[in-house]
Amino acid sequence: MPTTYNKRQDSEGLWEIYDGESEEAVIVDGMPLSGLDEVEANEAIRRLKRGELTSDNIPPTAQSGWPPAKDGV
């Protein structure tokens with residue numbers, strides 16, 4: 001199953017992008033995607049989903065949905 005990216009807001013009103021399954025912050029080029037304004041967070045999610053950004057800490061197989069789930073489903 002492909003990774004689901006979500007955003008959450010911290011106590012200062014800034015946003016962090018995280019993996020919906022592990023709830024870990026997404027890291028790109030060694031930096032966590034955090035401290036973002038909402039527009040930046042939405043753009044980061046869009047770019048992650050399109051493959052324009054690649055997470056350092058989410059395995060590529062989880063990102064792409066490969067391998068398929070048990071019984072090819």
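Hydrogens, waters and symmetry mates are skipped; everything else that's a heavy atom, side chains included, is used.
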How long is the span from the [atom1] atom in [X] to the [atom2] atom in [Y], to the nearest 0.5 Å?
X: T4; Y: E21; atom1: OG1; atom2: CD; answer: 8.0 Å
X: Q9; Y: L14; atom1: CD; atom2: CG; answer: 8.0 Å
X: I17; Y: S34; atom1: CD1; atom2: OG; answer: 9.5 Å
X: T3; Y: Y18; atom1: OG1; atom2: OH; answer: 13.0 Å

Search all heavy atoms of [X] against all heavy atoms of [Y] and return the closest pair with its distance.
X: R8; Y: E24; answer: NH2-C, 4.2 Å
X: D56; Y: V28; answer: OD2-C, 3.6 Å
X: G51; Y: T54; answer: O-OG1, 4.5 Å

Show me, pair by pair, the donor-acceptor contacts under 3.5 angstrom made by side chains of residues 41-49, not counting sequence neighbours?
from : atom 1 : to  : atom 2 : distance (Å)
N42  : OD1    : K7  : NZ     : 2.6
N42  : ND2    : E38 : O      : 3.4
E43  : OE1    : R46 : NE     : 3.2
E43  : OE2    : R46 : NH2    : 2.5
R47  : NE     : E52 : OE1    : 3.4

Any donor-acceptor N/O pair, N57 side chain to A25 backbone, under 3.5 Å: yes

ILVMFWY network linking Y5 to L36, side-chain heavy atoms under 4.5 angstrom: yes

Same cluster (ILVMFWY, side-chain, under 4.5 Å), L53 and V26: yes

More than 12 heavy atoms of other groups within 6.0 Å of D29 CG: no

Set of residues satisfying side-chain hydrogen bond (donor to acceptor under 3.5 Å, both in side chains) with respect to E40, sequence neighbours excluded: none

